[in-house]
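Structure first, then comments.
The figures here come from the full heavy-atom set of this structure, side chains too, leaving out hydrogens, waters and symmetry mates. Computed from a predicted model, the values in this text were never measured in an experiment. We name chains A, B, ... by the order of the sequence lines, and we start the count at 1 in each one.
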2 protein chains.
Amino acid sequence: MLVPPSDILHDLGQLLSSGEGADVMFEVGGEMFAAHRCVLGARSSVFRAQLLGPMKESTSMCVQIEDMEPKVFQALLYFIYTDSAPEIDDADALGMIQHLLVAADRYGLKRLKLTCEEKLCGYINTSTVATTVALAEQHACPALKEECFRFLESCNNSMLDLITRSSDFEHLARSCPSIMKELIPKLA
Amino acid sequence: MLVPPSDILHDLGQLLSSGEGADVMFEVGGEMFAAHRCVLGARSSVFRAQLLGPMKESTSMCVQIEDMEPKVFQALLYFIYTDSAPEIDDADALGMIQHLLVAADRYGLKRLKLTCEEKLCGYINTSTVATTVALAEQHACPALKEECFRFLESCNNSMLDLITRSSDFEHLARSCPSIMKELIPKLA
């Protein structure tokens with residue numbers, strides 16, 4: 001007798017896509033998303049504090065999410081319900097992963113954050129490394145930062161030139177001045 | 001960089017044991033259990049019809065469960081949230097699995113039902129086979145019934161004597177008279 005594999009992730013994915021029994025609405029960049037407070041609270045301590053608790057039990061609510069694109073919030077919800085990142089079929093996959101990392105950090109979703117960090121490691125090159133270092137620094141991703149530093153140490157002079165003359169590098173220097181001390185020995 | 005394995009089953013198990021954000025209470029044999037309608041509805045079509053839908057969204061509710069032991073309902077909830085059967089540390093493990101199969105059938109939890117069927121296959125012997133056939137017949141478990149029939153065909157005369165003289169066999173004949181036609185060739 002064959003017991004089929006676990007189907008709970010499929011069931012929760014269905015719950016999300018159907019919106020059945022939803023008790024919270026999110027408004028994100030003009031789009032509305034229906035969700036279930038207990039699922040969000042079970043998965044994210046930030047949502048737990050925001051959505052659950054004795055004072056918040058009996059009414060349905062609407063929450064505004066600022067500073068996030070609708071498609072990023074949608075991917076965040078998908079991960080919360082199914083523990084897997086959605087297929088990113090997007091010309092701007094890199095941008096999507098970067099935004100998803102920021103969102104994961106904001107909502108305390110450690111596993112999604114690590115998933116994004118791992119994906120970003122695969123995108124490190126001369127044109128992405130400055131932005132990736134800034135992201136790693138601002139969102140406490142030591143392993144991703146380390147990976148960027150390893151890449152920088154492997155660069156020859158003309159590559160380093162390309163990196164340090166870019167506007168992304170300028171932005172890094174401006175937004176994370178403290179990291180320059182760590183960076184300069186790698187660039188020398 | 002190592003992304004840890006999925007933690008969603010752990011998170012949902014925590015949600016169940018904390019009862020945080022619960023919006024339905026069950027009263028089962030004098031004991032109370034807190035749960036979340038959207039999780040139950042996502043996992044069981046029977047709970048979906050009973051607990052979700054436009055008319056049932058805004059109030060918390062209390063549901064009476066008849067004809068079930070509290071510990072069986074507790075195991076059912078645990079499976080619904082975590083997709084795994086709880087450790088059955090019980091002198092009456094067989095009875096527990098039998099009751100859990102009945103509960104799984106009642107709430108349309110196919111995977112739990114198959115899990116119980118598989119476990120019951122391991123318990124088939126001269127003193128359990130009659131009850132197991134009755135259970136398989138009453139709850140539409142063809143593979144479990146087939147396994148019982150295979151066991152009966154392997155029995156010698158003194159084993160068959162033991163089986164057919166038991167009160168469980170009498171009970172089987174009384175509660176599932178139709179199955180006797182199928183059984184008689186196996187016992188001949």
Side-chain angles (χ1 to χ4, degrees), chain A residues 1-16 18-23 35-44 47-48 51-54 56-60 79-85 109-122 141-144 146-147, chain B residues 1-16 18-23 35-44 47-48 51-54 56-60 79-85 109-122 141-144 146-147:
Chain A
M1 195 173 304
L2 271 184
V3 178
S6 172
D7 49 8
I8 196 164
L9 302 182
H10 170 265
D11 290 343
L12 290 171
Q14 281 282 108
L15 181 69
L16 174 64
S18 76
E20 234 183 336
D23 57 2
H36 306 83
R37 280 183 275 168
C38 69
V39 177
L40 303 180
R43 301 279 287 145
S44 150
F47 277 129
R48 189 178 310 134
L51 303 175
L52 294 183
K56 291 151 187 157
E57 265 176 34
S58 55
T59 51
S60 61
F79 182 88
I80 286 175
Y81 280 71
T82 67
D83 227 357
S84 55
L109 295 165
K110 286 183 197 159
R111 191 166 170 274
L112 176 58
K113 193 177 154 192
L114 281 168
T115 303
C116 292
E117 285 184 60
E118 192 177 52
K119 284 185 197 285
L120 288 179
C121 284
C141 312
L144 179 60
E146 205 48 57
E147 197 64 27
Chain B
M1 193 173 304
L2 270 182
V3 177
S6 172
D7 50 7
I8 197 165
L9 301 183
H10 170 265
D11 290 343
L12 290 172
Q14 281 283 107
L15 182 68
L16 174 63
S18 75
E20 235 182 336
D23 58 2
H36 307 81
R37 280 183 275 168
C38 68
V39 178
L40 303 180
R43 301 278 287 144
S44 150
F47 276 130
R48 188 178 310 134
L51 302 175
L52 295 184
K56 291 148 188 159
E57 265 175 36
S58 55
T59 52
S60 61
F79 182 87
I80 286 173
Y81 281 70
T82 68
D83 226 357
S84 55
L109 295 164
K110 285 184 197 158
R111 191 167 169 273
L112 177 58
K113 192 178 156 191
L114 280 168
T115 304
C116 293
E117 285 184 60
E118 191 176 52
K119 284 185 198 283
L120 288 180
C121 285
C141 312
L144 180 59
E146 204 49 56
E147 196 65 27

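- When each of B:Arg43, B:Glu147, B:His36 is checked for heavy-atom pairs under 4.5 Å with chain A, B:Arg43 comes out on top.
- Between the side chain of B:Arg111 and the backbone N or O of A:Asp7, no donor-acceptor pair lies under 3.5 Å.
- Looking at B:Cys38, the atoms closer than 4.5 Å to chain A (heavy atoms on both sides) sit in the backbone and in the side chain alike.
- Heavy atoms of B:Glu117 lying under 4.5 Å from chain A belong to its backbone as well as its side chain.
- Contact of B:Ser84 with chain A is not made at all, since no heavy-atom distance falls under 4.5 Å.
- Between B:Asp23 and A:Arg37 there is no salt bridge, since no side-chain nitrogen of the basic residue lies less than 4.0 Å from a carboxylate oxygen of the acidic one.
- Comparing A:Thr115, A:Val3, A:Ile8 by how many heavy-atom pairs each has under 4.5 Å with chain B, the most go to A:Ile8.
- Between the side chain of B:Asp83 and the main chain of A:Ser6, no donor-acceptor pair closer than 3.5 Å is present.
- Annotation for B:Leu52 and A:Gly21: closest pair CD2-CA, 3.8 Å, computed over non-hydrogen atoms.
- Considering only heavy-atom pairs separated by less than 4.5 Å from chain A, the leading option among B:Leu114, B:Ile80, B:Leu2, B:Thr82 is B:Leu114.
- Interface remark: B:Leu9 contributes side-chain atoms only to the contact with chain A (heavy atom separation under 4.5 Å).
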